[in-house]
Amino acid sequence: MKLLFIGDIVGQPGRRAVAELLPRLRREHQLDFAIANGENSAGGSGITPKTAGEIFDAGVDVITCGDHLWDQKEVMELLANEQRFLRPLNYPLGTPGRGSGIFEVQSLKAKGQSPVSIAVLNAQGRTFMQPPLDNPFPAAAEEVKKLRERTSIIFVDFHAEATSEKIALARYLDGRVSAVVGTHTHVQTADEQIFPGGTAFLSDAGFTGPHESVLGREIEPVIKRFLTNMPQRFEVAKNRVLLHGAVIDIDDATGKALKIQRVAEAVD
Ligand SMILES: [Fe+2]
Ligand SMILES: [Fe+2]
């Protein structure tokens, strides 16, 4: 099966990029499934049922999140009711919502055959990240063990700052999951590869939104903040809107990755 992972969707421009580009990407890459990180989809900070609805309507099957989880209070509704919305797994016990899910997919290649199950897992790093969560290494390993009883096709969005933590978690899970793709830095890395155990990896998928910006925000206030330390309003920028992510081809029978390819597409 072939899936597209879309890096952090930033604000209205990011949502528009997904709506405009995903149908074509689905056709061109013969995609079976699409996953997107939506933590910045509401005005650059957090996610609401409305922005999540727009992303699902655009053709995304599952939305993951990250440290911006709590920025909009309406997220509680998603955490309570939306099975296709995942938050980082390693929040303390008792946190609403869930960190993984299993979804049924009718693979395009295997038309007429029974649907394939794909598990999606969202976890958050701890190095240079707030708030400090539970250790994602044992949390992810334990969850993967449970998921593997149901399917060997497992995608992990690891929302983390440090490249070392991302590579280490992916190496740790190599052979146990199909892919680990990083999010959070909003900068797409060029280190896509498949590890010896069959796990596809990319340190960071990048972000989907306006790239004439600093990580999706207007440039001037960010510079001013660095110059003066004074608080600024960081509005979502407007121009050079790109969709960033990666397409991953997975062997249905073994769950091992066959190919990983970065995606960087501009809105016309
Ligand atoms: Fe983000
Ligand atoms: Fe983040």
Side-chain angles (χ1 to χ4, degrees), residues 4-18 34-48 51-52 54-55 60 62-72 75 78-79 85-91 95 97 99 120-134 136 139-140 155-167 169-170 180-189 202-219 221-222 225 232-238 240-246 262-264:
L4 169 68
F5 178 71
I6 299 171
D8 303 32
I9 298 169
V10 176
Q12 194 273 339
R15 303 195 308 270
R16 182 165 51 88
V18 177
I35 305 161
N37 186 298
E39 72 151 7
N40 306 108
S41 62
S45 303
I47 184 163
T48 65
T51 62
E54 253 183 62
I55 295 166
V60 169
V62 174
I63 300 176
T64 53
C65 207
D67 55 312
H68 285 284
L69 179 65
W70 308 111
D71 289 359
Q72 306 288 335
V75 76
L78 287 172
L79 290 167
F85 177 68
L86 304 176
R87 54 130 173 100
L89 171 80
N90 47 327
Y91 270 94
T95 305
V120 182
L121 191 159
N122 188 194
Q124 188 171 309
R126 300 201 295 180
T127 307
F128 312 128
M129 297 281 290
Q130 290 295 329
L133 301 182
D134 295 345
F155 177 87
V156 179
D157 168 2
F158 189 37
H159 197 78
E161 177 74 32
T163 45
S164 59
E165 194 177 14
K166 291 174 171 182
I167 296 166
L169 182 87
V180 177
V181 176
T183 52
H184 177 69
T185 71
H186 291 207
V187 177
Q188 188 177 70
T189 56
L202 175 64
S203 284
D204 207 290
F207 82 94
T208 297
H211 281 245
E212 190 56 31
S213 70
V214 178
L215 310 184
R217 307 307 182 106
E218 291 289 2
I219 297 164
V222 180
R225 169 73 182 268
Q232 305 289 324
R233 272 186 78 87
F234 293 156
E235 301 287 355
V236 171
K238 293 178 187 70
R240 200 159 72 85
V241 179
L242 304 179
L243 183 151
H244 269 180
R262 273 181 290 133
V263 170

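Position 1 is the first residue of the sequence; numbering continues from there. We count ligands from 1, going down the list as the structure has it; atoms in each ligand are counted the same way.
- Remark: the Gln72 side chain and the Thr48 side chain contain no N/O donor-acceptor pair separated by less than 3.5 Å.
- A donor and an acceptor atom, one from each side chain of His159 and Thr183, are located under 3.5 Å apart.
- Phe207 meets the ring-ring contact (aromatic ring centres under 6.0 Å, His included) test with His186, His211; sequence neighbours excluded.
- The only member of Asn37, Asp8, Asp67 that meets side chain to side chain donor-acceptor pair (under 3.5 Å) when paired with His184 is Asp67.
- Between the side chains of Asp204 and Thr185, at least one donor N or O sits under 3.5 Å from an acceptor N or O.
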* To do: Please report the C-alpha distance between Phe5 and Asp157 in whole Å, then the side-chain angles of each, then the deciding distance to 0.1 Å, and finally whether the side chain to side chain contact (heavy atoms under 4.5 Å, CB included) criterion is met.
  => CA-CA 9 Å; Phe5 178 71; Asp157 168 2; 3.6 Å; yes
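- Excluding water, every protein N/O/S atom under 2.8 Å from the Fe ion (ligand 1) is given here by residue and atom: Asp8 OD2, Glu39 OE2, Asn40 OD1, His186 NE2.
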